[in-house]
Amino acid sequence: MDAERGSVAPRDIDTLKKEVQLRVNPLVLKFQDAVSGKVYRLPLTVHNLGRWNQKIRFQEPSKPQFKLLLTSLDKELASGLQMTAMVEYHPNKNEDMSDHIFISVGNKVLDIPLFGLIPVCQLEIVPVVDFGTLVANSKVHCKEITIINRGKAPGKFKAEYQGQLPIVISPSSGIVKAKTSMVIKVDFCADQAQIVNEMARVSLQGCPETFLNIKVRVVEQIIELFHMNSERKLECIRFGSVFFGTSKLEHALLYNNSPESINWVAIMQDDCVGEELGTNIHQRTDIAINNISYLNKIKKIDMTDFMSCVPNEGTLLPYQKIVITFCFSPKLVVDTKKDVGPSHRQDYALFVRFDSVGSKDGFLRDDNSNTMKSNRLQKVELALTGSGLPVILQFDPGKSLTFAPCHMGEHSDILCIVKNQSISLPVMYHFKKTAHFKMDPERGKIDEGCIQNVICSFVPHQIGVFKVKQVIEIIGPVADDNLRSLSMKPFLYIHLNFSSTCKAFTRKVGVKINPGISPLISNPTRHFVAKDSEKKDDLPPVAAMLQSTATKLHDHCLKDESTKNALIAFPNDRATSIRSGDHHEHFRTIFTKIPRYDYTDPDYEYTDLEKLERKAHRDYYTNYINNLRTIRLRKEAQRERKFPVNEVDIGMLPLSGLKSPPLSQSEIEEEIPPSLKASSLKANRLLSTKKIASRESECLQRKITRGLKSKPTTHQEKQECSKVLTPKQIHQVIVGPSVLNFGNICVKSTNTHLLHIVNMLPMYILIQLDVDFEELQKTKQFSYVIPPTSSTYISMVFESSTSGKFWKSFTFKINNIPGGHILVMAAILPVKLELSSNEIVLRPQSFLLKTCFRGTVRLYNHLNCPAQFGWKPVTTLRGIAFTICPAQGTVDPYCSLECEVTWQPGFSSPDKGEFLLQVSGGNTLTLKCIAHVIISLQCDFHL
């Protein structure tokens with residue numbers, strides 16, 4: 001301790017002499033980590049703080065292990081000076097020792113404790129383990145903490161959690177070496193939403209008992225649907241009334257309300273209660289039930305044909321929202337018993353489920369199995385309602401119109417009244433252009449229940465009898481190929497039959513021939529030429545123009561071959577034209593056959609480049625037409641070789657009305673191969689529970705129990721196993737059950753649980769199990785190539801060498817893409833036997849004097865490992881008169897064994913005794929035995 005310092009103010013001299021102003025450092029000497037056989041030294045400093053000299057006397061320690069190294073125990077220390085003494089410690093054994101050094105100053109004595117401490121551990125641990133925010137998806141999360149030993153001796157620790165939550169600490173006990181650390185794993189299974197604030201008891205050697213605080217915030221991974229313009233949750237979308245063939249779009253927001261990404265897929269629930277599929281809800285029930293053929297036809301409808309969702313698969317990031325587009329496109333289902341009238345309608349009530357992608361037990365058992373609450377919350381259901389209506393237009397005076405005959409240049413009209421018989425939706429129409437007929441108005445819109453006057457006109461442009469079909473396009477919103485937008489397109493065509501006649505004018509047209517050569521041509525060349533003029537003998541004089549090439553007059557003995565194809569040249573046929581002539585046409589005069597003068601105007605003449613371009617253009621189209629003809633002839637030749645014409649006459653007349661029989665729906669389904677059925681689930685279509693369940697049943701019938709490869713080897717397997725799968729495809733691969741619960745099992749016992757894999761895809765897939773804990777390492781293999789449309793079972797082998805609760809999960813990959821996780825649970829116990837009763841009362845088996853008292857006790861083994869046992873009697877001063885058989889043995893797993901206890905009566909036989917049941921590597925039980933004896937006056941004892 002530090003001596004009290006003196007005051008600067010003058011005080012009494014006698015008082016100052018009596019005060020001790022001495023400082024000793026340190027106040028306690030500790031020889032840390034002292035080992036037997038070694039010598040340790042520590043300094044001890046004494047400082048005189050007073051104004052006068054101090055006489056100091058040291059007293060050595062009493063124990064020989066401590067020694068004060070001073071030449072003289074009496075010292076005088078001047079004011080302000082200090083001295084240092086060395087204290088030596090040399091232990092002779094490894095144990096803690098203590099002693100004292102006394103320092104006398106005046107009338108006061110200072111006590112300096114001495115401690116010799118052997119090496120000890122110094123363990124430290126982080127007091128809080130915070131997992132943060134987790135998602136309740138039955139996945140085991142692990143946090144690592146470190147126990148640090150800063151001492152020079154190994155230290156023991158023990159951690160124990162006694163709560164009810166799925167928390168496992170491993171290892172729960174152990175030894176940390178000196179100057180090292182050990183990693184402790186804390187596993188937590190997030191099986192349900194909750195706030196966890198648990199305490200685990202931790203015992204560290206050399207430290208008081210402490211607690212490890214485990215904190216977790218578990219939230220549900222919830223998929224939610226919201227309205228586009230508000231934060232209200234969406235439960236139903238009502239499309240209203242839509243014409244057959246048209247589409248209607250609605251939008252919604254899909255929201256991932258969790259801190260973890262999730263793969264999702266939309267599934268059409270076409271086998272649930274409450275759906276309406278094409279029935280008329282306004283129709284009487286008895287009428288609808290009696291039409292069984294129509295109801296059966298409706299049941300075979302594929303709902304994914306007229307209800308779509310885009311996108312129908314994907315990945316949602318934490319707290320992400322995306323826009324989902326729903327498209328309703330109803331199709332008309334014709335009832336053969338009655339015509340489609342204005343009262344016909346098809347009402348639909350469908351349900352779409354947005355589900356997470358991961359491990360599952362299977363679609364056939366998903367709704368009936370006891371799934372965890374967290375799995376049920378990772379989906380959301382949406383109702384979709386809508387009605388399909390037919391387009392019914394009434395035409396007055398009818399669909400067949402006969403117009404009055406007229407001549408070219410004239411027209412005949414008919415007024416047609418078009419009525420929209422739908423009372424719910426308007427109709428937009430458009431009359432397509434048809435030769436010789438005109439509609440006014442050509443397009444328009446007819447409101448609900450209203451009429452439209454349309455004038456149909458026959459305007460002929462040529463002579464003849466006309467029978468045509470006028471096409472009316474009914475225009476409405478039709479979904480585009482991406483199913484995210486609508487376009488106004490024709491979705492229905494209605495035909496009207498038009499017929500009429502165009503009559504010819506009965507006017508006589510004479511031939512006008514120029515009687516001679518005049519300055520100007522009064523009539524075009526070769527126009528209105530008289531028929532059969534070559535055959536007439538009395539040709540008019542000017543008709544010689546037509547036979548100029550045959551005359552020999554004025555030929556001047558010209559024998560040029562070019563005159564054969566020469567054209568007639570009138571002296572003034574180009575008098576009013578400035579167009580240059582064609583160089584490929586040769587004109588000669590009528591009689592002398594002299595080539596006509598050809599004047600070329602350079603302002604209007606084609607250049608050489610333009611001539612080449614015209615020729616190339618003409619040759620291009622000539623070659624194009626020739627190629628088309630060649631291709632057509634080649635196809636006809638191939639068709640004739642493939643289907644040769646049979647010259648045998650079997651007496652069948654063409655177009656005699658013979659038709660092939662129609663196929664029933666069952667025959668069509670039988671002819672579809674399974675490979676085509678597998679490819680029917682297109683990328684832009686929704687998955688449906690009915691189709692998936694049927695495909696799962698088909699896969700379960702094709703079980704593969706042996707010969708599974710661990711990696712792809714063939715070219716097809718390598719190609720298909722390397723494909724990147726979408727969430728929709730991953731959802732069609734079942735890996736389950738999602739929980740492998742091995743139950744209560746023994747330490748170091750081998751246990752097997754089957755993992756079910758169903759591949760509903762029409763391709764090979766590669767399943768990889770990422771198991772990183774040693775309890776499952778005895779499984780045969782962890783990667784499998786699964787053939788298309790098949791199922792198999794994998795034997796998962798579990799063995800643990802430590803007892804306690806086991807909660808761990810491992811992930812699996814499908815074609816190297818994470819597909820989900822599997823939870824592994826087990827309660828690992830030591831070998832254990834149970835007694836049917838801890839106390840047994842023995843009674844005599846007959847009335848004889850020397851009869852034995854007998855009783856039975858049964859041993860139960862409720863675990864999966866055989867238990868070896870042995871009975872050991874507890875001896876007393878009076879001995880023991882009880883025996884048990886068998887004295888040792890083995891109880892098979894999940895079996896029991898009966899042991900018989902006997903007591904031989906005697907004068908000094910004790911009526912009470914005990915046996916110890918000792919299980920090899922397990923528990924120890926005590927069996928109390930009592931002989932039921934009644935003393936009588938007539939005899940020694942009897943029952």
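Throughout, residue positions are numbered sequentially from 1 according to the sequence presented.
Counting only heavy atoms from C-beta outward, the side chains of Leu253 and Met228 approach each other to under 4.5 Å. Put simply, the side chain of Lys690 does not reach to within 4.5 Å of the side chain of Met303, judged on heavy atoms. Phe306 is not listed as a side-chain neighbour of Gln346, based on a closest heavy-atom distance of 4.5 Å or more.
Residues meeting the side-chain contact (heavy atoms from CB on, under 4.5 Å) test with Thr630, sequence neighbours left out: Arg634. Residues satisfying the ring pair (Phe, Tyr, Trp, His ring centres under 6.0 Å) test with His407, not counting sequence neighbours, are Phe505. In this view, Asn482 and Asp480, Arg484, Ser485 satisfy the side-chain contact (heavy atoms from CB on, under 4.5 Å) rule, not counting sequence neighbours.
When atom types are taken as modelled, the side chain of Lys728 and the backbone of Glu313 share no donor-acceptor pair closer than 3.5 angstrom. Side-chain atoms of Glu250 do not come within 3.5 Å of backbone N or O of Ile237 as any donor-acceptor pair. With hydrogens and angles disregarded, a donor-acceptor distance shorter than 3.5 Å links the side chain of Thr246 to the backbone of Phe243. Thr622 places a side-chain N or O within 3.5 Å of a backbone atom of Arg618 that can act as its donor or acceptor partner.
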Tell me which donor-acceptor pairs under 3.5 Å the side chains of residues 447-472 have, and how far apart each pair is, sequence neighbours excluded?
| residue | atom | partner | partner atom | Å |
| --- | --- | --- | --- | --- |
| Ser457 | OG | Asp413 | OD1 | 2.6 |
| Gln470 | OE1 | Thr434 | OG1 | 2.9 |
| Gln470 | NE2 | Lys432 | O | 2.7 |

Report all side-chain donor-acceptor pairs from residues 384-395 shorter than 3.5 Å, counting only partners two or more places apart or in another chain.
| residue | atom | partner | partner atom | Å |
| --- | --- | --- | --- | --- |
| Ser387 | OG | Arg345 | NH2 | 2.9 |
| Ser387 | OG | Asp347 | OD1 | 2.5 |
| Gln394 | OE1 | Gln421 | NE2 | 2.8 |

Throw together a table of side-chain donor-acceptor distances under 3.5 angstrom for residues 322-332, partners on residues two or more places apart or in other chains.
| residue | atom | partner | partner atom | Å |
| --- | --- | --- | --- | --- |
| Ser329 | OG | Ser247 | OG | 2.6 |
| Lys331 | NZ | Ser329 | O | 3.2 |

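Inspection of the Asn420 and Ser422 side chains reveals no N or O donor paired with an N or O acceptor under 3.5 Å.
Counting heavy-atom neighbours within 6.0 Å of Arg629 CZ, excluding the residue itself, gives a total of 12 or less. Counting heavy atoms of neighbouring residues, nucleotides and ligands inside a 6.0 Å radius, atom CG of Asn626 exceeds 12 of them. Environment of CG in Asn229: sparse, with no more than 12 heavy atoms of neighbouring residues, nucleotides or ligands closer than 6.0 Å. Other residues, nucleotides and ligands contribute over 12 non-hydrogen atoms within 6.0 Å of the CD1 atom of Ile417. Environment of NZ in Lys489: crowded, with over 12 heavy atoms of neighbouring residues, nucleotides or ligands closer than 6.0 Å. Counting heavy atoms of neighbouring residues, nucleotides and ligands inside a 6.0 Å radius, atom CD of Glu235 does not exceed 12 of them. A 6.0 Å sphere centred on NE2 of His411 holds no more than 12 heavy atoms belonging to other residues, nucleotides or ligands.
Closest approach of Lys503 and Pro405 over heavy atoms only: CE-CB, 3.9 Å. In terms of heavy-atom proximity, Cys309 sits nearest to Ala266 at SG-CB, 4.3 Å. A pairwise comparison of heavy atoms in Lys248 and Phe239 identifies NZ-O, 2.6 Å as the closest pair. Between Met307 and Leu686, the closest heavy-atom pair is O-CD1, 3.8 Å. Taking each heavy atom of Thr315 and Gln320 in turn, the nearest pair found is O-OE1, 3.9 Å. Residues Ser343 and Asn280 approach most closely at O-ND2, 3.5 Å, considering heavy atoms.
Ion pairing between Asp270 and Lys691 fails under the 4.0 Å rule for side-chain N and carboxylate O.
Each of Leu316, Leu254, Ile267, Val265 was compared with Phe354 under the side-chain contact (heavy atoms from CB on, under 4.5 Å) criterion, and only Leu254 meets it.
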Item to complete: Given ring-ring contact (aromatic ring centres under 6.0 Å, His included), test Phe437 with Phe403 step by step and report yes or no.
Response: CA-CA 10 Å; Phe437 292 92; Phe403 294 84; 5.4 Å; yes
Worksheet item: Can Gln729 and Lys723 be said to form a side chain to side chain contact (heavy atoms under 4.5 Å, CB included), step by step?
Response: CA-CA 11 Å; Gln729 291 174 317; Lys723 290 183 179 179; over 6 Å; no
